[in-house]
Number of protein chains: 2
Amino acid sequence: MGRGHMARRNTNRRVGIADVAEKAGVSHATVSRVMNGNAAVDPGIAARVRAAAVELKYQPNPVGRSLALGKTDTIGIVVPDLANPTFQAILRGLSIAAAQDGYRVLIADSSEVTSEEAILAGEARRRCDGVVLCAPRMSDAELEELAPTLHPLVLINRTTIATNTPSLSVDYGQGIQELAQHLVTLGHRRLVFLSGPEHSASNRQRLVGLDQFREEHPEIELQMLHGGSNFDSGHESTEAIIASGATGILAFNDLVAMGLLSGLHERGVRVPEDISVTGFDDIPFAKYTTPPLTTAAVPINELGSLAWRRMREQIQQAGEAPSQAQDEFSPRMEIRKSTAAPALKPAS
Amino acid sequence: MGRGHMARRNTNRRVGIADVAEKAGVSHATVSRVMNGNAAVDPGIAARVRAAAVELKYQPNPVGRSLALGKTDTIGIVVPDLANPTFQAILRGLSIAAAQDGYRVLIADSSEVTSEEAILAGEARRRCDGVVLCAPRMSDAELEELAPTLHPLVLINRTTIATNTPSLSVDYGQGIQELAQHLVTLGHRRLVFLSGPEHSASNRQRLVGLDQFREEHPEIELQMLHGGSNFDSGHESTEAIIASGATGILAFNDLVAMGLLSGLHERGVRVPEDISVTGFDDIPFAKYTTPPLTTAAVPINELGSLAWRRMREQIQQAGEAPSQAQDEFSPRMEIRKSTAAPALKPAS
DNA sequence: GAATCATGAGAAAGCGTTTTCTCAGAGCGT
DNA sequence: ACGCTCTGAGAAAACGCTTTCTCATGATTC
């Protein structure tokens, strides 16, 4: 009844490097060297250590490892709203890409609470080797101040002026202009923009784009309606949209557009015969709505994986070149069935 | 030009407990005590320490803390597919609930690769204080063996027989029966079940439920069609569905149903006039499809937060009561517009 | 055959905390 | 006024690992 022969007793205590060392008859140091393939270790001893390791099912404790190495092999991402498919897609792309390089991702949802963002980002940074900040709602000033603190940092849908921070952004201004242009080309003369969250930088970009559009098309009536970023806000805008008398609706994003589509359907308004509707983002659901949604496609999947690439670059070349890549994507028009020429007799 | 007056030099090196101790003229230990409000510390000294801490913007290093405390304040979640809205919702609920108790969540996507699950779960467990395993595709045997290893573990959509592991599950068998019953009550006599991923436990539950349904309704024709779990597989099944001659379709989940809805629409088949379609899960999009989808609602949001509660219970009472809560939810029927009585003349 | 060098393994010093242990000094009772 | 308990702070050990430093052993060279 000695020891070592009783199979499972893993409840007792976690097997550590010391156990392996003892079993193999070497020191901790040697075990560590073998596990990390570091210095040259006598092949015989190495084999013995490895055998002991597998027999004991030894798995190095990541926390101890992190403390010693000063890195956690983890990156953090903070998003304004995990319920939004766009951010979900980014998270997914990031996670999968990072996993391929042996990194994990820690998530933080700020729930659109601007004041939480900085705190969450800071906390995440302390636990991780880097942070990707996704569409932060905080002010430019705050962002500028925070950025250096977070340093291995990647920004999505936001840029900094002063700091050398890689950023991934989408040209929402151009995208919304193209959508508006598409509607005008179809023959629409009265448009509505159903705007998004106030603090969203991408919403501001859309507004700027539309200002430009207005200058170029003074003959077009373009109303602004305040909305939100989700289904419900689109749905709730139904009456206002109908009341507007417009025939072409530019929704803030696909979610809003879908909510609106649903509301219009309930009210018996036909899309696209009576009203044309466009979205933005091209979330996976967009092409399955009825009618399929005309939208501006954002390379939603690439965004996450590219974010990881930019992060990896910074982590690897710690301190070398500034590496402030500023990637900007141009959305691609996806003309589907939710837009068409307006009915001949103009409303009202 | 002494020191301490030059504002930012945080690039230099992270400020540690030692810096605070030095500035306050006390030992590390005292700083730690103050920060954690542990033993009674002289109020004067405590104030001095706190002042030094805020001035230096000291934030304890979580890795060091984790090593000393043996806990990371982080839990891991492994999901088969982060692209699935159901898992996204669970992740979100979990993340938000955990955050309220000061915990973060680390994510791992197994991409439906069964063999990866155990590895990912193990890795996650080593970095975290617990793991929630979401709809694992692995075999029962493997799960039984793995479960004790992961111990603070919560299972979603899967149960273990032997082990005392809290689990959250949905009675898919009952749900699918109720949906089938709903169709029969409407007058449908020829049904099709569009099944899901082979290794999915919830798919097996549906099949078992339908077997029971068959026994109770020998007069009903119920075909099985092999499908998948996403949009595309639903869309691709369109032809087969039409060819089946059935009037009532039970899709594996809402995603599949939506894909099918889209396919049927393209083919000019009217829903629900020509064919009735049901989904499962009641993802947020389900009520915005056209027509709105009849489905069995899974409390998708609660699932995540309840998972956290079960996890917290285990973490807190480490080793006390077995606490093997087995929560089972009964889906709630959401009768919407995608189901109706079949056309009077039965097909073929 | 002796001096030099490469090789490889153990000892020990971190990494940044928390916590136990220890001890100095203050307050109290008799 | 002496010894007792009690409070509170510093010293040091622990957490689990990596890595530098050091030194012994065996190989190499003139």
Side-chain angles (χ1 to χ4, degrees), chain A residues 10 12-50 52-53 56-74 102 122-123 125-129 318, chain B residues 10 12-50 52-53 56-74 102 122-123 125-129 318:
Chain A
N10 54 11
N12 210 358
R13 225 251 244 60
R14 203 123 204 131
V15 23
I17 202 174
D19 303 300
V20 180
E22 187 186 11
K23 180 160 202 102
V26 297
S27 68
H28 333 275
T30 303
V31 176
S32 172
R33 278 189 279 255
V34 172
M35 298 303 290
N36 299 293
N38 241 357
V41 177
D42 181 283
I45 296 191
R48 219 167 65 220
V49 169
R50 255 186 287 271
L56 264 46
K57 293 198 209 306
Y58 169 67
Q59 304 281 147
N61 176 327
V63 179
R65 212 149 179 282
S66 293
L67 188 58
L69 291 174
K71 62 187 208 120
T72 60
D73 291 350
T74 300
E123 269 192 8
R125 180 57 187 85
R126 246 168 280 129
R127 299 193 124 74
C128 301
D129 298 345
Chain B
N10 52 13
N12 209 357
R13 223 252 243 64
R14 203 125 203 127
V15 23
I17 204 174
D19 303 299
V20 180
E22 187 187 11
K23 181 162 199 99
V26 297
S27 68
H28 334 274
T30 303
V31 176
S32 172
R33 278 190 279 253
V34 172
M35 297 304 289
N36 299 294
N38 240 356
V41 177
D42 182 283
I45 297 190
R48 220 165 65 219
V49 169
R50 255 184 289 271
L56 265 46
K57 292 197 209 306
Y58 168 67
Q59 304 281 147
N61 176 328
V63 180
R65 213 150 178 281
S66 292
L67 186 58
L69 291 174
K71 64 188 207 118
T72 60
D73 290 352
T74 301
E123 268 194 7
R125 179 59 186 86
R126 246 167 281 129
R127 298 192 123 74
C128 300
D129 298 344

Inset, instruction - Name all residues meeting the side chain to side chain contact (heavy atoms under 4.5 Å, CB included) criterion together with B:Asn61; count only those two or more places apart in sequence or in a different chain, and write none if there are none. - result: B:Val63
Legend entry - Contact nearer the 5' end of DNA chain D, comparing B:Pro43 with A:Ala18: B:Pro43
Inset, instruction - Whole angstrom is fine here: how far is it from CZ in A:Arg48 over to C1' in C:dG8? - result: 13 Å
Inset, instruction - Output every pair passing salt bridge (charged side-chain N to carboxylate O under 4.0 Å, His left out) with a member in residues 24-45 of chain A, not counting sequence neighbours, ordered by first then second residue. - result: none
Legend entry - Phosphate contact (C:dT18 OP1 or OP2) by B:Asn36 side-chain N/O below 4.0 Å: yes
Inset, instruction - Please assess A:Arg50 against A:Val34 for the test side chain to side chain contact (heavy atoms under 4.5 Å, CB included), listing each intermediate value before the final yes or no. - result: CA-CA 7 Å; A:Arg50 255 186 287 271; A:Val34 172; 3.6 Å; yes
Inset, instruction - Return the value, rounded to whole Å, for the distance between atom CD of A:Gln59 and atom C1' of D:dG16. - result: 14 Å
Legend entry - With sequence neighbours excluded, residues passing side chain to side chain contact (heavy atoms under 4.5 Å, CB included) with A:Ser32: A:Ile17, A:Asn36
Legend entry - side chain to side chain donor-acceptor pair (under 3.5 Å) involving A:Thr72 - partner list, sequence neighbours excluded: A:Asp129
Inset, instruction - Measure the CZ-CZ distance between A:Arg126 and B:Arg14 for me, rounded to the nearest 0.5 Å. - result: 7.0 Å
Inset, instruction - Just jot down the side chain to side chain contact (heavy atoms under 4.5 Å, CB included) partners of A:Ala52, sequence neighbours excluded, or say none. - result: A:Val20, A:Lys23, A:Ala24
Inset, instruction - Please name all residues satisfying side chain to side chain donor-acceptor pair (under 3.5 Å) with A:Thr30, sequence neighbours left out, ordered by chain then number. - result: A:Ser27
Legend entry - Rounded distance in Å - CD1 (A:Ile17) to C1' (D:dC15): 13 Å
Legend entry - OP1 or OP2 of C:dG16 under 4.0 Å from side-chain N/O of B:Tyr58: no
Inset, instruction - Starting at atom CZ of B:Arg127, determine the distance to atom C1' of D:dC17, rounded to an integer number of angstrom. - result: 13 Å
Inset, instruction - Enter the inter-axis angle for the ends of the helix from C:dG1-D:dC30 to C:dT30-D:dA1 (five pairs per end, rounded to 10°). - result: 50°
Which protein N or O atoms sit under 3.5 Å from an N or O of nucleotides 10-12 of chain D?
unit_1, atom_1, unit_2, atom_2, d
D:dG10, OP2, B:Ser27, N, 3.2
D:dG10, OP2, B:Ser27, OG, 3.0
D:dG10, OP2, B:Thr30, OG1, 2.6
D:dG10, N7, B:Arg33, NH2, 2.8
D:dG10, O6, B:Arg33, NH1, 3.4

Inset, instruction - Would you mind reading off the distance between B:Asp42 atom CG and D:dT7 atom P, rounded to a whole angstrom? - result: 14 Å
Legend entry - Distance in angstrom units between B:Asn61 CG and C:dC15 P, rounded: 12 Å
Legend entry - With sequence neighbours excluded, residues passing salt bridge (charged side-chain N to carboxylate O under 4.0 Å, His left out) with B:Asp73: B:Lys71
Inset, instruction - Could you list the residues that satisfy side chain to side chain contact (heavy atoms under 4.5 Å, CB included) with A:Ala21, not counting sequence neighbours? - result: A:Val31
Legend entry - Contact list for DNA chain D against residues 62-72 of chain A - heavy-atom distance below 4.0 Å: A:Gly64, A:Arg65, A:Leu67, A:Ala68, A:Leu69
Inset, instruction - Could you check if a side-chain atom of A:Val15 sits within less than 4.5 angstrom of a side-chain atom of A:Lys57, using non-hydrogen atoms only? - result: no
Legend entry - Nearest-Å distance for atom pair CG/C1', residues A:Asp73 and D:dT18: 14 Å
